Amino acid sequence: MKARRILAAALVSVLAMGAASCASDDLGDDGNGSSGGGDKGKVVLSGQAFDEAALVASMYQLLLEKEGYSVEQKLVESRDQYLGELEKGNVQIAPEYTGGILDLLNTNANGANAEPITTSDAAESISAGKQLLDDAGITLLDPSAATDTNAFFVTQKYADDNGVTKLSDLEGKSVVLAAAPDCKGRPDCEGGLTTVYGIKVTKILPLGFGGAQTKNSVKDGESQLGLTATTDGTLAADGLVLLEDDKAIQPAQNLVPAVNTAWLKDHRDVREVLNELMATLDTRTLAELNTRVTVDREKPEDVARDYLEQNALL
């Protein structure tokens, strides 16, 4: 995690299994969103459709409803599906990750081969991306100490048979990669695997970030390498193992609220509410909450409410 790269997106985390039921491919479709009443106006929350994002979005929703906002939550498959809507103000808030959103803004503005601006330090990355954020009309609130980076996994059998424990052990090998739809070319995903690690990615299967389809593809041998997050607590039970990112293609991926700047100017109370939440989270706590959703199959909104009540935020 020393310099470079974007998550992706989304984001940590992880695990697009239970959150898939919250997903909507169309941000204009109200059918799959959830909402609550309030007198301060409507807020649309969007983000990526995996368990961690659903959990954090539920925390945002509960806190905003407490403040008197009417909240609609719409999770979609990839960051680029909602980023433009956040810039335009059709989406007001998204649970984000520092490296993920900054690297995508950089790529959108300067091309796929843009010099990376993100590092392993969240504050440093945000400072480097200030102009990009200003141009996009997006404000990042205080980043949390909780961080969740992209990670790649193989089956334990593949690791044992090939003597693989870290990504550099795959140098020169040909692999099919199961990953998020926006993986191709990203420096923290296919781009970094090929240019930094020298791995021959022969095909990308756009099966999602850390979800059941991605894991089943690797377990069944359809692909050799899969994309998930460092806080994924389900791998060992599935006979899967993370590979070390020994050449550090992943940037800092601290949880951070991304807010439409123009909207925030008229709703300044939101800054304090969400910053207070971010101050309570750390990586260990995030992983424990993820496990309750992904492994124990508790509903994201129930885990979110429990956490907020335990921390006197709700």
Side-chain angles (χ1 to χ4, degrees), residues 1 7-23 47-58 75 77 97 146-167 169-170 175-181 183 188-189 193 204-246 250 253 255 281-304 306-307:
M1 272 84 56
L7 131 68
L11 311 41
V12 356
S13 100
V14 313
L15 327 168
M17 297 189 291
S21 62
C22 300
Q48 291 178 269
F50 58 97
D51 283 356
E52 184 172 285
L55 171 66
V56 179
S58 293
L75 302 185
E77 288 303 314
Y97 301 84
T147 184
D148 189 355
T149 62
N150 280 4
F152 298 92
F153 64 90
V154 296
T155 63
Q156 185 66 61
K157 185 178 187 306
Y158 181 93
D160 293 341
D161 290 348
N162 294 277
V164 173
T165 61
K166 53 189 184 296
L167 285 170
D169 292 331
L170 292 176
V175 300
V176 174
L177 172 63
C183 177
D188 70 330
C189 204
L193 294 176
I204 301 174
L205 302 180
L207 299 178
F209 182 81
Q213 283 187 300
T214 295
K215 289 172 183 171
N216 288 336
S217 176
V218 175
K219 287 192 294 183
D220 295 343
E222 179 185 35
S223 55
Q224 291 74 49
L225 193 63
L227 173 67
T228 188
T230 51
T231 54
D232 188 339
T234 69
L235 295 174
D238 285 332
L240 303 169
V241 59
L242 287 180
L243 299 182
E244 179 189 353
D245 176 25
D246 54 310
Q250 303 300 332
Q253 297 290 4
L255 284 178
L281 290 166
D282 57 36
T283 302
R284 180 177 178 179
T285 299
L286 180 63
E288 290 172 349
L289 295 174
N290 281 339
T291 298
R292 289 178 59 182
V293 176
T294 304
V295 179
D296 299 337
R297 308 312 305 157
E298 296 184 56
K299 293 181 179 179
E301 56 268 30
D302 292 341
V303 176
D306 185 43
Y307 178 79

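Because the structure is predicted, anything quoted here is derived from the model rather than measured.
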- Message: Looking only at the side chains, is there a donor atom on one of Gln250 and Asp245 sitting less than 3.5 Å from an acceptor on the other?
- Response: no
- Does a donor on one side chain and an acceptor on the other come within less than 3.5 Å for Thr231 and Glu52? yes
Please report the closest heavy-atom contact between [X] and [Y], naming both atoms and the distance.
X: Val218; Y: Gln224; value: CG1-O, 3.9 Å
X: Ala49; Y: Glu77; value: CB-OE2, 4.1 Å
X: Phe152; Y: Leu225; value: CB-CD1, 3.8 Å

Nearest 0.5 Å please: distance from the [atom1] atom of [X] over to the [atom2] atom of [Y].
X: Asp169; Y: Asp246; atom1: CG; atom2: CG; value: 7.0 Å
X: Gln48; Y: Leu75; atom1: CD; atom2: CG; value: 9.5 Å
X: Cys183; Y: Leu227; atom1: SG; atom2: CG; value: 6.0 Å
X: Glu288; Y: Thr291; atom1: CD; atom2: OG1; value: 7.5 Å
X: Leu242; Y: Thr228; atom1: CG; atom2: OG1; value: 7.0 Å

Is a donor on one side and an acceptor on the other found under 3.5 Å between the side chain of [X] and the backbone of [Y]?
X: Asp232; Y: Thr234; result: yes
X: Thr214; Y: Gly226; result: no
X: Lys215; Y: Gly210; result: yes
X: Thr230; Y: Ala151; result: no

According to side-chain contact (heavy atoms from CB on, under 4.5 Å), who are the partners of [X], at least two apart in sequence or on a separate chain?
X: Ala159; answer: Val154, Gln156, Val241
X: Asp302; answer: Lys299
X: Lys157; answer: Thr155, Asp161
X: Asp296; answer: Arg292, Glu298

- Message: Set out, in order, the CA-CA distance, both residues' side-chain angles and the distance that settles side chain to side chain contact (heavy atoms under 4.5 Å, CB included) for Gln253 and Asn150, then state yes or no.
- Response: CA-CA 8 Å; Gln253 297 290 4; Asn150 280 4; 5.6 Å; no
Indicate yes or no: at least one non-hydrogen side-chain atom of [X] is less than 4.5 angstrom from one of [Y].
X: Pro300; Y: Asp51; answer: no
X: Leu193; Y: Leu167; answer: yes
X: Thr285; Y: Tyr307; answer: yes
X: Leu170; Y: Val164; answer: yes
X: Leu205; Y: Val176; answer: yes

- The salt bridge (charged side-chain N to carboxylate O under 4.0 Å, His left out) partners of Glu222 (sequence neighbours excluded) come to none
- Message: side chain to side chain contact (heavy atoms under 4.5 Å, CB included), that's the test. Do Thr147 and Leu255 meet it? Break it down for me.
- Response: CA-CA 6 Å; Thr147 184; Leu255 284 178; over 6 Å; no
- Residues in side-chain hydrogen bond (donor to acceptor under 3.5 Å, both in side chains) contact with Ser223, at least two apart in sequence or another chain: Ser217
